[in-house]
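Before any comments, here is the structure.
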There are 2 protein chains.
Amino acid sequence: MTLRIGELAARAGLSPKTIRYYESLGLLPPPPRTPAGYRLYGSADEERLAFIARAKALGLSLAEIREVLDLHDAGTPPCDRVVAVLDRKLAMLDAQMRSLAARREALIALRRRAPARVGADGCICGIIELGVSAG
Amino acid sequence: MTLRIGELAARAGLSPKTIRYYESLGLLPPPPRTPAGYRLYGSADEERLAFIARAKALGLSLAEIREVLDLHDAGTPPCDRVVAVLDRKLAMLDAQMRSLAARREALIALRRRAPARVGADGCICGIIELGVSAG
DNA sequence: CTACCCCTTCCAGTGGGCTGGAAGGTCAAG
DNA sequence: CTTGACCTTCCAGCCCACTGGAAGGGGTAG
């Protein structure tokens, strides 16, 4: 159960570069090394990477994941923090979806009127240029 | 109707930096200069910036806007291209909204089960870690 | 003259999550 | 011995739309 970085990366579906990058961000503790300097990992690291993957899939940034991991490593159950982060994510997601929906409406309205605007005079492109009421 | 860059920027609601940046990207043609090298703009530039602002609000990237403007400057009505870009934007928007909606569902389900997962043993944080079926 | 604001150019940094590449060390197989 | 896969470090770049700052010139008011 001792892995070099390439093996760990393969199991986690990442590149060795990414593992080293995570270590540089403090997401993974500095692992023990062989005399030649090769990093050596165990199953705890694999689980940690699985946790990171799950948190990433939920939309947490690496900085947020690091915060949670730091709490855990300090012996504090990170769950309260996780709930707070999740709630914030949810609020941001809602806001983002609203703005996307608004843009989508604008785009669809424009798209519907586009044929009538093609070739409008005195402007760069009537589709974009003319006000919503026109057409 | 001759403006220096600061004046034009103020009218367009941009910074002089941004105007120069747009020029460097080819969104604005290189304007005439005073003997001292100051850029001089006219109402056509103001309209061009208004067009850019509108296109940006629709979600076009500066590269896409440049493409449209290049077509226009070459004497080709850009409307066909605009329609294609708009359609692509719409498809991307839909895909993005679907993925956001999926993440939102996952987040909400997780959030609902969170209390039962707090303090789960043998993992970093039960809220994130446990499978969807758990709880 | 100074003060002050505007203008010029060019270089560099922001954020996020990597990725590429150079230059070199290590280790097992053939 | 060589080959080749793997490892190490460090620096640099990607995307996007700017933004900051340095270093210097221009133009006008007092």
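In this text, all values refer to a predicted model and were calculated from it rather than measured experimentally. Each chain gets a letter, A, B and so on, in the order the sequences are listed, and its residues count up from 1.
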Study note, to complete from the structure: dist B:L107:CG -> A:L86:CG (nearest 0.5 Å) comes out at 4.5 Å
Review point. In terms of the nearest nucleotide of DNA chain D, which residue is placed more toward the 5' end: A:Y41 or B:L62?
Key: A:Y41
Review point. Just to confirm, is there a sub-4.0 Å distance from OP1 or OP2 of C:dT9 to any side-chain nitrogen or oxygen of B:R33?
Key: yes
Check your understanding: Contact class for A:R4 (heavy atom, under 4.0 Å): base, sugar-phosphate, or nothing?
Key -> sugar-phosphate
Exercise for review: For residues B:P30 and B:E23, report the shortest heavy-atom separation together with the two atoms involved.
Suggested key: CA-OE2, 3.8 Å
Point to revise | Length of the CD-P vector between A:E64 and C:dG17, whole Å | key: 9 Å
Check your understanding: Between the side chain of B:E129 and the main-chain N/O of A:F51, is any donor-acceptor distance below 3.5 Å?
Key -> no
Practice item. Would you mind classifying the nucleic acid contact of A:S61 as base, sugar-phosphate or nothing, using non-hydrogen atoms under 4.0 angstrom? Key: sugar-phosphate
Revision key, fill the gap. Rounded to whole Å, OH of A:Y21 lies from P of D:dT8 at a distance of 18 Å
Practice item. Would you indicate which nucleotide in C:dT9, C:dT26, C:dC7 comes nearest to any side-chain atom of A:A36? Key: C:dT26
Review point. For the pair made of OH in A:Y38 and P in C:dA28, what is the distance, rounded to whole Å?
Key: 9 Å
Review point. Within this structure, what is the CZ-to-C1' distance between A:R39 and D:dC6, rounded to whole angstrom?
Key: 13 Å
Study note, to complete from the structure: In whole angstroms, the gap separating P of C:dC6 from CD1 of B:I19 amounts to 15 Å
**Study point:** Short side-chain N/O contact from B:K56 to OP1 or OP2 of D:dC18, under 4.0 Å
**Key:** yes
Exercise for review: Tell me whether the OP1 or OP2 atom of C:dT8 has a side-chain N or O from B:R20 closer than 4.0 Å.
Suggested key: yes
Exercise for review: Would you kindly confirm whether B:Y38 and B:I19 end up in one hydrophobic cluster when ILVMFWY residues are joined by side chain heavy atoms under 4.5 Å apart?
Suggested key: no
Check your understanding: So how far is it from A:R104 CZ to B:M92 CE, rounded to the nearest 0.5 Å?
Key -> 14.0 Å
Exercise for review: With heavy atoms under 4.0 Å as the rule, sort B:S15 into base, sugar-phosphate or nothing.
Suggested key: sugar-phosphate
Practice item. To the nearest Å, give me how far apart CG (A:L28) and P (C:dC18) are. Key: 12 Å
Exercise for review: By nearest nucleotide on DNA chain C, pick out whichever of A:T34 and A:Y22 is the more 5' one.
Suggested key: A:Y22
**Study point:** Distance, rounded to the nearest Å, where A:L25 contributes CG and C:dG15 contributes P
**Key:** 13 Å
Study note, to complete from the structure: A:I5 atom CD1 is separated from C:dT19 atom C1', nearest whole Å, by 14 Å
Exercise for review: Report yes if a side-chain nitrogen or oxygen of A:T18 is closer than 4.0 Å to either non-bridging phosphate oxygen (OP1 or OP2) of C:dG17; otherwise report no.
Suggested key: no
